[in-house]
Amino acid sequence: MDSNLITEQLFSTSSVLLGVVLYVLYAVTMWKVFAKAGYPGILALIPIVNWIFLVKIAGMSGWLALLYLIPLVNVVFALVVAFKEGANFGKGGAFSFFLLWLFPYIGHLIIGFGSAEYRRV
């Protein structure tokens with residue numbers, strides 16, 4: 001047996017499992033964020049639809065979610081959405097930048113399971 005092939009398969013399998021675990025964790029946290037904002041949590045599980053409702057949670061038109069499809073524009077737009085989403089949940093700019101834009105897994109976990117309340121600014 002080729003040991004390199006076994007090593008590649010092992011790392012491939014562990015990478016897939018890690019990806020699935022992170023997706024499930026993120027889906028659960030987004031479900032809670034959507035529920036706090038008054039939207040059905042099941043929408044967080046649908047890949048493109050969750051962008052639309054995340055933009056709506058940020059207080060903008062759902063049609064603007066199409067900006068996520070444009071390279072380089074999507075980075076700037078994600079930053080704008082993070083700041084507006086943070087403001088709607090009563091969080092400041094530093095929280096929005098670091099925990100909703102750079103590390104959204106952690107930021108949405110804090111918003112979803114924390115004491116933050118959704119209020120449209």
Engineer: Examine Tyr105 and Phe34 and state if one hydrophobic cluster contains both, with Ile, Leu, Val, Met, Phe, Trp and Tyr joined whenever side-chain heavy atoms are less than 4.5 Å apart.
Structural biologist: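 Yes.
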Engineer: Suppose we screen for side chain to side chain donor-acceptor pair (under 3.5 Å). Which residues come up paired with Tyr26, at least two apart in sequence or across chains?
Structural biologist: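 By the side chain to side chain donor-acceptor pair (under 3.5 Å) rule, Tyr26 matches His108.
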Engineer: Should we say atom NZ of Lys32 is surrounded by more than 12 heavy atoms from elsewhere, each under 6.0 Å from it?
Structural biologist: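 Count not over threshold, so no.
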Engineer: Under a single-linkage rule joining Ile, Leu, Val, Met, Phe, Trp and Tyr whose side-chain heavy atoms are separated by less than 4.5 Å, which residues share a cluster with Trp31?
Structural biologist: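 Joined to Trp31, directly or through intermediates: Ile42, Leu45.
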Engineer: Would you mind reporting whether Tyr39 and Val33 have side-chain heavy atoms less than 4.5 Å apart?
Structural biologist: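 They are not in contact (no side-chain heavy atoms under 4.5 Å apart), so the answer is no.
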Engineer: What are the two closest non-hydrogen atoms of Phe97 and Trp101, and how far apart are they?
Structural biologist: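 Minimum heavy-atom contact is O-CB, 3.2 Å.
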Engineer: Can you list, pair by pair, the side-chain donor-acceptor contacts under 3.5 Å of residues 111-121, counting residues two or more places apart and other chains?
Structural biologist:
unit_1: Tyr118; atom_1: OH; unit_2: Ile57; atom_2: O; d: 3.0
unit_1: Arg120; atom_1: NH2; unit_2: Gly59; atom_2: O; d: 3.3

Engineer: Begin with the C-alpha distance, continue with both residues' side-chain angles, and end with the deciding distance and a verdict on side-chain contact (heavy atoms from CB on, under 4.5 Å) for Leu25 and Val28.
Structural biologist: CA-CA 5 Å; Leu25 176 67; Val28 168; 5.6 Å; no
Engineer: According to side chain to side chain contact (heavy atoms under 4.5 Å, CB included), who are the partners of Val76, at least two apart in sequence or on a separate chain?
Structural biologist: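 Val76 satisfies side chain to side chain contact (heavy atoms under 4.5 Å, CB included) with no residue once adjacent residues are dropped.
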Engineer: Give a yes or no on whether Met60 and Leu69 share a hydrophobic cluster (residues Ile, Leu, Val, Met, Phe, Trp, Tyr; joining criterion: side-chain heavy atoms under 4.5 Å apart).
Structural biologist: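 Linked, Met60 and Leu69 end up in one cluster.
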Engineer: Around Leu72, counting heavy atoms of other residues, nucleotides and ligands shown, do more than 12 lie under 6.0 Å from its CG?
Structural biologist: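 No, the 6.0 Å shell around CG holds no more than 12 heavy atoms from other groups.
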Engineer: Does one hydrophobic cluster hold both Leu109 and Val21, with members joined at side-chain heavy-atom distances below 4.5 Å?
Structural biologist: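 In one cluster: no.
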Engineer: Let me confirm one number: the CG-CG distance from Leu17 to Leu22, rounded to the nearest 0.5 Å.
Structural biologist: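 Interatomic distance, Leu17 CG to Leu22 CG, rounded to 0.5 Å: 11.0 Å.
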Engineer: Identify the two heavy atoms, one from Ser96 and one from Gly86, that lie closest to each other, and give their separation to 0.1 Å.
Structural biologist: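 For Ser96 versus Gly86, the nearest heavy atoms are OG-CA, 3.4 Å.
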Engineer: Only counting residues at least two apart or in another chain, list the ones meeting side chain to side chain contact (heavy atoms under 4.5 Å, CB included) with Ile110.
Structural biologist: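 Only Phe95, Leu99, Ile106 meet the side chain to side chain contact (heavy atoms under 4.5 Å, CB included) criterion with Ile110.
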Engineer: Tell me if the OH atom of Tyr23 is crowded by more than 12 foreign heavy atoms within 6.0 Å.
Structural biologist: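 Enclosed: over 12 neighbouring heavy atoms sit under 6.0 Å from OH of Tyr23.
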Engineer: Which pair of non-hydrogen atoms, one from Leu100 and one from Ala82, has the smallest distance, and what is that distance?
Structural biologist: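 Closest pair (atom of Leu100, atom of Ala82, distance): CD1-O, 3.6 Å.
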Engineer: According to side-chain hydrogen bond (donor to acceptor under 3.5 Å, both in side chains), does anything in residues 50-77 pair up with another residue at least two apart or in another chain? List the pairs.
Structural biologist: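 Passing the test, one end in residues 50-77: no pairs.
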Engineer: Leu18 and Val24: same hydrophobic cluster, using ILVMFWY side-chain contacts below 4.5 Å?
Structural biologist: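 Not linked; separate clusters.
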